Amino acid sequence: MQALTLTRPDDWHLHLRDGPVLTRTVSDTARQFSRAVIMPNLTPPVVTTAMAIDYKARLDAQGTRLTPLMTLYLTDNTSAQEIQRGYDSGIVKAVKLYPAGATTNSAAGVTNIEHIYPAIEMLQELGMPLLVHGEVTHQDVDIFDREKGFIDQQLAPLLDRFPRLKCVFEHITTSEAAQFVAQASERVGATITPQHLLYNRNDLLVGGVKPHLYCLPVLKRNTHQQALQDMVASGNNKFFLGTDSAPHAQGAKESACGCAGCYSSPAAIELYAQAFEAIDALDKLEAFASFNGADFYGLARNTDTITLLRNSWQVPESLTYGADVIIPLGAGQTLNWQLQA
Ligand code: NCD
Ligand code: ZN
């Protein structure tokens with residue numbers, strides 16, 4: 001096969017940041033995706049509908065054809081009324097739960113899920129998705145066990161309490177998470193990133209620390225990578241594309257205390273194609289990238305297409321990022337598929 005034409009995909013989990021870097025981040029995403037769910041972990045976080053409307057205006061001002069689907073950042077104080085306001089605005093499509101301290105810019109996140117039961121009740125009533133960063137944060141829990149701990153201690157009890165809640169388990173990294181979602185109701189879905197399909201913790205750590213492969217939840221052992229690969233190869237429609245592309249300047253990553261996040265937007269669909277081809281599942285790429293997420297969110301599938309050509313090319317070693325430099329995911333690697341210009 002020399003060309004692969006797909007319904008235009010969407011990115012159901014994306015960090016675009018704010019300010020001058022939007023020139024880069026919005027256009028890198030728009031080259032391939034039609035819509036993207038925009039994460040709200042700015043400084044300060046997007047906690048109100050008014051802030052989401054302002055942020056969307058800054059994204060739209062970039063003049064690309066990307067349609068940003070906005071989210072609100074849940075705090076201990078998010079009210080049911082704010083959820084209702086977001087829903088009524090028509091631009092807020094979901095809300096994001098960051099356990100306080102779990103990841104980049106999560107300090108204002110939720111300290112105890114009971115604090116936001118009224119907000120979650122409202123989400124359930126409205127059918128608006130709760131997006132979860134699924135890691136427990138207690139100091140005593142090993143970083144490699146934090147996702148599994150979240151399932152047992154937080155997510156399973158939450159879904160028992162709110163059985164009609166629509167929920168996306170974001171950027172899953174473990175066989176436990178994949179199994180949990182597969183066995184949950186049809187109201188529970190999951191996103192999977194390119195890095196968690198392509199790499200495991202050996203890639204991160206063997207032969208020296210690779211700061212540009214450091215993201216949260218952290219890459220796991222190869223058996224977990226395999227479980228995610230098996231799940232996407234199965235074609236299960238609860239799993240869909242969410243890059244979690246999360247840019248940080250080179251200096252912030254190559255540091256004594258490096259930031260978490262991989263910047264995949266410049267080659268996202270090609271990285272997924274590489275991952276799917278490696279497991280002989282290219283025939284499952286279109287549903288994963290272009291159908292399952294839209295269906296889950298209750299939105300129409302896109303009607304235009306993109307074409308990938310079998311054409312070896314190298315991901316750039318570095319790119320400009322505002323006044324800084326950024327190292328993209330897969331920098332310097334040769335990929336087999338290239339988006340047709
Ligand atoms: C994200 C970021 O940098 O905003 N980092 C990451 O490693 N994925 C935050 C997040 O989604 O956890
Ligand atoms: Zn993220």
Side-chain angles (χ1 to χ4, degrees), residues 10-19 21-22 24-25 28-29 33 36-47 55 68-74 93-110 129-137 143-144 146-147 150 167-174 177 189-199 201 203-204 209-220 228 240-255 257-265 268 271 293 321-322 324 326-329:
D10 304 299
D11 187 348
W12 300 97
H13 185 125
L14 175 66
H15 301 265
L16 291 173
R17 313 306 189 199
D18 207 350
V21 303
L22 291 178
R24 150 122 274 134
T25 59
D28 283 351
T29 288
F33 297 115
V37 174
I38 310 303
M39 291 298 129
N41 62 332
L42 303 181
T43 36
V46 179
V47 294
Y55 186 26
L69 308 176
M70 308 309 290
T71 62
L72 298 182
Y73 180 115
L74 288 173
K93 297 299 184 192
V95 306
K96 181 70 188 288
L97 169 63
Y98 291 102
T103 186
T104 307
N105 292 344
S106 64
V110 174
L130 174 72
L131 316 182
V132 299
H133 182 110
E135 290 192 285
V136 290
T137 55
I143 189 170
F144 292 104
R146 289 182 170 203
E147 186 171 276
F150 183 85
C167 180
V168 183
F169 198 164
E170 298 289 340
H171 41 53
I172 61 166
T173 64
T174 57
T191 53
I192 303 183
T193 74
Q195 63 268 26
H196 292 102
L197 291 172
L198 286 166
Y199 309 111
R201 66 194 195 185
D203 299 296
L204 173 68
V209 179
K210 316 300 184 313
H212 299 290
L213 285 183
Y214 175 59
C215 65
L216 288 170
V218 72
L219 295 171
K220 304 298 191 299
L228 301 182
F240 41 91
L241 186 157
T243 61
D244 195 23
S245 181
H248 293 277
Q250 179 178 21
K253 302 267 313 158
E254 297 174 14
S255 151
C257 186
C259 293
C262 300
Y263 186 52
S264 56
S265 297
L271 287 160
Y321 182 64
D324 283 303
I326 190 164
I327 311 298
L329 186 69

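Both ligands and their constituent atoms are indexed starting at 1 by order of listing. Fair warning: this is a prediction, and the values are worked out from it, not measured in the lab.
- Across Y98 and T103, no two heavy atoms sit closer than the pair CD2-CG2, 3.7 Å.
- Residue contacts with ligand 1, taken as heavy atom pairs separated by less than 4.0 Å, involve H248 solely via side-chain atoms from C-beta onward.
- Side-chain N/O atoms of T174 and K220 include no donor and acceptor closer than 3.5 Å.
- Listed by atom number, the atoms of ligand 1 under 4.0 Å from H133 heavy atoms are 12 (O).
- Contact annotation: for R17 versus ligand 1, heavy atoms closer than 4.0 Å belong to the side chain alone.
- Heavy-atom minimum distance, T137 versus A100: CG2-O, 3.4 Å.
- When each of T193, T191, D11 is paired with T243, the side chain to side chain donor-acceptor pair (under 3.5 Å) condition holds for D11 and for no other.
- Under the 3.5 Å distance criterion, the side-chain polar atoms of N105 are left unmatched by any main-chain donor or acceptor of P45.
- Heavy atoms of N41 found under 4.0 angstrom from ligand 1 belong exclusively to the side chain.
- For the residue pair D10 and F33, the shortest heavy atom distance occurs at C-CD2, 3.5 Å.
- For ligand 1 and C215, the ligand atoms under 4.0 Å from any heavy atom of the residue are 7 (O).
- Within the 4.0 Å heavy-atom criterion, neither part of M39 lies near ligand 1.
- Pairing each heavy atom of Y321 with each of R24, the nearest pair is CD1-CG, 4.3 Å.
- Among protein heavy atoms, the minimum distance from atom 9 (C) of ligand 1 is reached at T103 OG1, 3.3 Å.
- For the pairing with H248, the side chain to side chain donor-acceptor pair (under 3.5 Å) check across E254, R17, K253 returns one residue only, R17.
- Checked against the Zn ion (ligand 2), the N, O or S atom of D244 at the shortest distance is OD1.
- The minimum distance between the Zn ion (ligand 2) and any N, O or S atom of H13 involves atom NE2.
- Among the backbone and side-chain atoms of H133, no N/O/S atom is found under 2.8 Å from the Zn ion (ligand 2).
- Taking atom 5 (N) of ligand 1 as the reference point, the nearest protein heavy-atom neighbour is A260 O, 3.1 Å.
- Nearest protein heavy-atom contact of atom 8 (N) of ligand 1 is D244 OD2, 2.7 Å.
- Ligand-side atoms of ligand 1 in range of H171: 11 (O), range being under 4.0 angstrom from any heavy atom.
- Nearest protein neighbour of atom 7 (O) of ligand 1, counting heavy atoms only, is L216 N, 2.7 Å.
- Residue G261 has at least one N or O atom closer than 3.5 Å to an N or O atom of ligand 1.
- Shortest non-hydrogen contact noted between I38 and T71 is O-OG1, 2.7 Å.
- Listed here is the closest heavy atom pair of F169 and G134: CE2-CA, 3.7 Å.
- Close contacts between ligand 1 and A246 involve ligand atoms 1 (C), 2 (C), 3 (O), 5 (N) [criterion: under 4.0 Å to a heavy atom].
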